[in-house]
There are 2 protein chains.
Amino acid sequence: MGSDRATPVVDLESVRAVCAGCSIQELCLPYGLDKDDLEQLDRIIERKRPLAAGELAYAEGDPFRALFAVRSGVLKTYLLEAEGEEHITGFHFPGELVGLDAISGGIHACSARALDTTSLCEIPFDRLDDLAGRIGGLRQQLFRLMSREIHQDDRERRNQAQAVADPRLAAFLLDVSGRLSKLGFSATTFRLKISNRDLANYLGLAPETVSRLFRRFRERGLATVQSKEVRIHDPERLRALARSLEE
Amino acid sequence: MGSDRATPVVDLESVRAVCAGCSIQELCLPYGLDKDDLEQLDRIIERKRPLAAGELAYAEGDPFRALFAVRSGVLKTYLLEAEGEEHITGFHFPGELVGLDAISGGIHACSARALDTTSLCEIPFDRLDDLAGRIGGLRQQLFRLMSREIHQDDRERRNQAQAVADPRLAAFLLDVSGRLSKLGFSATTFRLKISNRDLANYLGLAPETVSRLFRRFRERGLATVQSKEVRIHDPERLRALARSLEE
DNA sequence: CGGCGACTTGACTTTCTTCAATGATCGTGG
DNA sequence: CCACGATCATTGAAGAAAGTCAAGTCGCCG
């Protein structure tokens, strides 16, 4: 697994990519901006070459200079424990902003690594802040995105606080399903490039437990998860399970 | 336990309270503002009569109009489950902003209840947003506070993901200790107006387990917790325990 | 094709939960 | 001010659940 940083090499093709043509602009920073404002935002955004699976977007401790928007792919963010263990704090899909946790401290509070080929938009924060002062719509969207992050963290905490493991995994699958369907993907069949180990880490379970849970889900006809391919067969019962309303 | 909402009655005495004279302004929104800007912020802030223990600051589903800064006391925020159960998402001490999770949805995503006599500053969000457009320092501090919230949520998730219970409780005590000492209180002896049940709820444990953990902490000379009075005797070993470095 | 890592499966141990009963605390109303 | 009721905290015993350890299987990349 490569530990090398994303190099600032610019892909000439993608330089011309603009928010206006981006399929996820409605879920991202540009939401609600008119043409002029969008152009101003566009000008400060740097689009790098895609990261390969395993590459770092940034590392814990790096000076904070920019936020990153996921354009395609998946990212995991994680804290490093005393013994060098990772502790995964989240998985991030297109339209999501990462690096928000670094604003307050001035250095990145976690590391971000691509789990798949992943394209990012880099948004220098000082310039974004400046724009946010002048463009009310942008400022408000930034507030909304940060607020959404806080709200989702709270909801995820609720799931994690469940003592029993089934609802946690069920809630996770539904969460991902919902996020992906907002992007236009199928809510019932998708590819999840997250290893069993990473998933277990994120959910606070042993990898063996996650494996056993997937088997139970399959036996009960709730969902099939085989080699990263997820098929949700019974969203309703899965939802019930996520709320601990089912045995 | 009163379920009534905080009435908008204004305490004449506290109307004249201003950020400039507030002991926690360095931890709150005013941080870094000069006199003029501070005055502008001051003018939009409404200081209500203190909430009694058990009173609601706002309820899940209420339309979002304002953020609240805790000036004194403690607040708990919680989500309501399907069966009417609370799920506590956080405890909030002076200098902390609550309601941030409501910006994105336009309605409060959780409820906030006072656990003790609690004074709040109410900050109408549309006016705050307006000011944030004109005062760079205010905007940046708001970004910082939201960022800190996101970062702390991530760190709390790390604790919760611990399968074993001791480190979770140890981490919680240290977290509170740190937050209170920043306010000028003792880091080793403090009053924690949080019920055993609420604490267990927050940590995702059974109340009985929390009780047993406190007994073990006492037997091992780590900390004493009796009727809301917390005494941390051995911060170092508690820290080691929080990182699972101690048996 | 070989080897390495990730996933699966089983047996056993540890830990927390649950259930139940007792004891302490707090607020209230007499 | 005290007595009562209710809620909350503590403790014990039994059961359920996930963790750990270990071995075997699968799949992927070199």
Side-chain angles (χ1 to χ4, degrees), chain A residues 1-2 52-54 76 83 85-86 88 115-117 159-170 172 191-220 223-230 241 244 246-247, chain B residues 1-3 52-55 76 83 85-86 88 113-117 159-170 172 191-220 223-230 241 244 246-247:
Chain A
M1 185 171 294
K76 73 171 172 184
E83 306 82 31
E85 297 272 312
E86 292 181 4
I88 296 174
L115 296 181
D116 196 358
T117 305
N159 296 331
Q160 295 240 354
Q162 278 285 356
V164 73
D166 304 54
R168 280 196 258 179
L169 185 56
F172 175 80
R191 199 139 231 281
L192 194 60
K193 298 223 71 171
I194 298 176
S195 73
N196 205 331
R197 165 193 291 254
D198 277 353
L199 180 51
N201 179 317
Y202 175 71
L203 294 175
L205 301 170
E208 293 94 328
T209 304
V210 172
S211 185
R212 283 186 253 264
L213 288 175
F214 277 145
R215 178 164 49 118
R216 269 196 271 170
F217 280 12
R218 195 184 330 130
E219 289 166 358
R220 295 206 263 163
T224 313
V225 181
Q226 270 168 352
S227 61
K228 312 270 177 288
E229 191 75 21
V230 179
L241 182 61
S244 313
E246 180 146 330
E247 116 283 10
Chain B
M1 185 172 295
S3 270
E55 275 187 299
K76 73 171 172 184
E83 306 82 30
E85 297 271 312
E86 293 182 3
I88 297 174
R113 194 182 291 275
L115 296 180
D116 196 357
T117 305
N159 296 332
Q160 295 239 356
Q162 279 286 354
V164 74
D166 304 53
R168 280 195 258 179
L169 185 57
F172 175 79
R191 198 140 231 281
L192 194 61
K193 299 223 72 172
I194 298 175
S195 72
N196 204 333
R197 165 193 292 252
D198 277 354
L199 181 50
N201 179 317
Y202 176 71
L203 294 175
L205 301 170
E208 294 94 327
T209 304
V210 172
S211 185
R212 284 184 251 264
L213 288 175
F214 277 146
R215 178 163 50 120
R216 269 195 271 169
F217 281 10
R218 197 185 327 131
E219 289 167 357
R220 294 206 264 162
T224 314
V225 181
Q226 271 168 352
S227 61
K228 312 272 179 288
E229 191 74 20
V230 179
L241 182 62
S244 313
E246 180 146 328
E247 117 282 10

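Within every chain, numbering begins at 1; the chains are lettered A, B, ... in the order of the sequence lines, protein sequences first and strands thereafter.
- Residues B:Ile194 and B:Leu199 come closest through the heavy atom pair CG2-N, 3.9 Å.
- One can place CG of B:Leu213 at 14 Å from P of D:dA9, the figure rounded to the nearest angstrom.
- Of the listed nucleotides (C:dG10, D:dA18, D:dC8), C:dG10 has the atom at the smallest distance from the side chain of A:Arg215.
- Under the 4.0 Å criterion applied to side-chain N and carboxylate O atoms, B:Asp166 and B:Arg220 are assigned as salt-bridge partners.
- One can place CD of A:Glu229 at 17 Å from C1' of C:dC7, the figure rounded to the nearest angstrom.
- The distance from atom CD of A:Glu208 to atom P of C:dC12 is 16 Å, rounded to the nearest whole Å.
- Within 3.5 Å, a donor on the side chain of B:Arg212 pairs with an acceptor on the base of C:dT18, or the reverse.
- Neither OP1 nor OP2 of D:dC8 sits under 4.0 Å from any side-chain N or O of B:Lys228.
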(request) Could you check B:Leu169 against B:Leu205 for side-chain contact (heavy atoms from CB on, under 4.5 Å), going step by step and ending with a plain yes or no? (result) CA-CA 10 Å; B:Leu169 185 57; B:Leu205 301 170; 5.6 Å; no
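- Closest to the side chain of A:Asp166, out of C:dT17, D:dA18, C:dT15, is D:dA18.
- B:Val210 comes within contact range of no nucleotide atom at all, as no heavy-atom separation falls under 4.0 Å.
- When the nucleotides C:dC7, D:dC8, C:dT15 are ranked by their closest atom to the side chain of B:Val164, C:dT15 comes out on top.
- In this entry the distance linking CG of B:Asp198 with C1' of D:dA9 reads 13 Å, nearest Å.
- Residue-level contact check: B:Thr209 touches the bases, meaning some heavy atom is under 4.0 Å from a base atom.
- Of the side-chain N and O atoms in A:Arg216, one or more sit less than 4.0 angstrom from OP1 or OP2 of D:dA18.
- In this structure a side-chain-to-backbone donor-acceptor pair under 3.5 Å is missing from B:Arg218 to B:Thr224.
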